[in-house]
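In what follows, a structure is listed as structure tokens, so that the remarks can point back to it.
These numbers come from a predicted model, not from an experiment.
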Amino acid sequence: MAEILLSQDYSIADFCNENLRGIKEMLLLSMLHPPYFEPGSEEEKTYIENTFSVSVTNDLNQEERKPAYGLSAVHLYNSIGQNLCSCDFWEQSKEYVIYDVDNSGKEKERKVLSFSNPEDYKTLEYKQWRAKTKPCNFCDCGLEKTKKQCKLSSDHHGNDVLKKFAKESLFILPYIESVVTSLAYTPDSKTFVKKLHYGTGRIEIVLTWTEKGYGMVVQTTARDDIELIQIGYELEKRFGNGN
């Protein structure tokens, strides 16, 4: 992006590196405008009716609200922002909070992502966002549920409960290949999905409705981390909160 030409032989990098900008700076800044919305769209309607802002620190080290032009569009289109590292604000985080105030005065906080480097698209923040926006298309392991293996620790007192749940509830799912092992008791677990093992396609789960918190590790057909996150979402939706 730094090499994008603003004029002949003059790039964004040249602009950012100049100490004295003068007319060139004024010309570029004069081109700034609120984000474009398709005329008559719901996004345009919401943008007009609501007020969007961000909290920034001014020169006096005080918090103040500034209009959130680009980030408001990111929220309304459920997308990711692309920014230049032009000030400390864009160096703080990859996730930002914008304040959405409707015409009745009710305020809501909206979290959005905005990136500035190619490496940002390899982060967990991006993978989690992509998992929520990408249609699910899981691979079928190709095994009949009676052929799927359930390997548990031999001394685990909850083996019978785990085996029954695996055979009746997990093995009917085409994206679950097998049970790899059981886990130590986790009685305080609040979620069915305890942990995702990125790069391996494995997920730790806990039967939160059991008193001792019986748990096990399942092997999924996830082809990448994004699919693994999506499968985690699906399992939590199916079995979370004691379902």
Side-chain angles (χ1 to χ4, degrees), residues 1-4 6 11-39 41-134 190-191 193 195-196 198 225-226 229 232-233 236:
M1 179 175 287
E3 301 305 317
I4 294 176
L6 299 176
S11 68
I12 290 179
D14 296 325
F15 173 80
C16 293
N17 290 328
E18 283 188 352
N19 292 322
L20 298 176
R21 299 174 183 142
I23 295 176
K24 292 176 183 177
E25 179 185 38
M26 295 301 296
L27 174 63
L28 188 61
L29 293 178
S30 70
M31 298 168 64
L32 293 174
H33 59 82
Y36 172 79
F37 294 99
E38 190 70 28
S41 65
E42 284 298 318
E43 290 81 10
E44 181 190 53
K45 179 181 178 182
T46 303
Y47 181 76
I48 293 173
E49 292 179 348
N50 295 17
T51 301
F52 297 92
S53 63
V54 293
S55 179
V56 299
T57 303
N58 61 24
D59 294 338
L60 300 176
N61 202 32
Q62 299 171 330
E63 292 292 318
E64 64 178 357
R65 296 285 182 90
K66 292 286 188 179
Y69 296 123
L71 293 181
S72 64
V74 171
H75 160 63
L76 292 173
Y77 282 113
N78 193 24
S79 185
I80 290 178
Q82 186 70 48
N83 61 268
L84 298 174
C85 290
S86 55
C87 62
D88 291 341
F89 178 78
W90 298 117
E91 301 283 352
Q92 295 172 6
S93 175
K94 306 303 175 189
E95 184 177 72
Y96 298 87
V97 175
I98 63 173
Y99 300 94
D100 175 5
V101 182
D102 62 22
N103 53 16
S104 70
K106 185 178 181 180
E107 181 180 271
K108 292 182 179 179
E109 292 186 4
R110 312 287 190 180
K111 292 183 179 181
V112 296
L113 296 178
S114 189
F115 295 158
S116 56
N117 299 303
E119 293 75 18
D120 295 337
Y121 290 89
K122 299 177 183 179
T123 60
L124 181 59
E125 289 94 338
Y126 170 74
K127 293 175 182 178
Q128 291 174 333
W129 173 84
R130 193 72 182 100
K132 292 179 180 178
T133 57
K134 176 185 176 182
K190 303 300 182 183
T191 59
V193 174
K195 183 179 180 180
L196 304 180
Y198 298 108
D225 292 345
I226 294 174
I229 296 171
Y233 288 155
E236 190 65 42

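In this structure, the side chains of N117 and D120 come closer than 4.5 Å at one or more pairs of heavy atoms. Side chains of S55 and V97 form no contact here, defined as non-hydrogen atoms less than 4.5 Å apart. Counting only heavy atoms from C-beta outward, the side chains of V193 and Y233 never approach each other to under 4.5 Å. W129 is listed as a side-chain neighbour of I80, based on a closest heavy-atom distance under 4.5 Å.
In this structure, NE2 on H75 lies 4.0 Å from CZ on R110, to the nearest 0.5 angstrom. We find the OG1-CD distance between T51 and E107 to be 10.0 Å, quoted to the nearest 0.5 Å. A distance of 11.5 Å separates CD of E125 from NZ of K111, quoted to the nearest 0.5 Å. One finds the CZ atom of F37 at 9.0 Å from the CD1 atom of I48 (value rounded to the nearest 0.5 Å). Between atom CG of residue L76 and atom CD of residue E44 there is a gap of 11.0 Å, rounded to the nearest 0.5 Å. Summarising the geometry, atom NZ belonging to K127 is positioned 3.5 Å from atom CG belonging to D225; distances are rounded to the nearest 0.5 Å.
Looking only at distances, no side-chain donor or acceptor of T46 sits under 3.5 Å from a matching main-chain atom of E43. For the pair Q82 (side chain) and F115 (backbone), a donor-acceptor distance under 3.5 Å is present.
Y47 approaches F52 most closely through the heavy-atom pair CA-CE1, 3.9 Å. For G232 against L196, the heavy-atom pair with the smallest separation is CA-CD2, 4.4 Å. Between S104 and D102, the shortest heavy-atom contact is OG-OD1, 2.7 Å. In plain terms, the two heavy atoms of S72 and I98 that are nearest each other are CA-CD1, 4.0 Å.
The only member of V112, L113, V74 that meets side-chain contact (heavy atoms from CB on, under 4.5 Å) when paired with Y96 is V112.
Residue K45 places its NZ atom among 12 or fewer non-hydrogen atoms of other residues, nucleotides or ligands, all under 6.0 Å distant.
Using a 30° and 60° split on the angle between ring planes, Y121 and Y126 fall in the perpendicular class, above 60°.
Under 4.0 Å is where a charged nitrogen must lie from a carboxylate oxygen, and between E64 and K66 at least one such pair does.
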Requested in this report: Give the C-alpha distance, both sets of side-chain angles, the deciding distance and a yes or no for side-chain contact (heavy atoms from CB on, under 4.5 Å) between L124 and I229.
Outcome: CA-CA 10 Å; L124 181 59; I229 296 171; 4.2 Å; yes
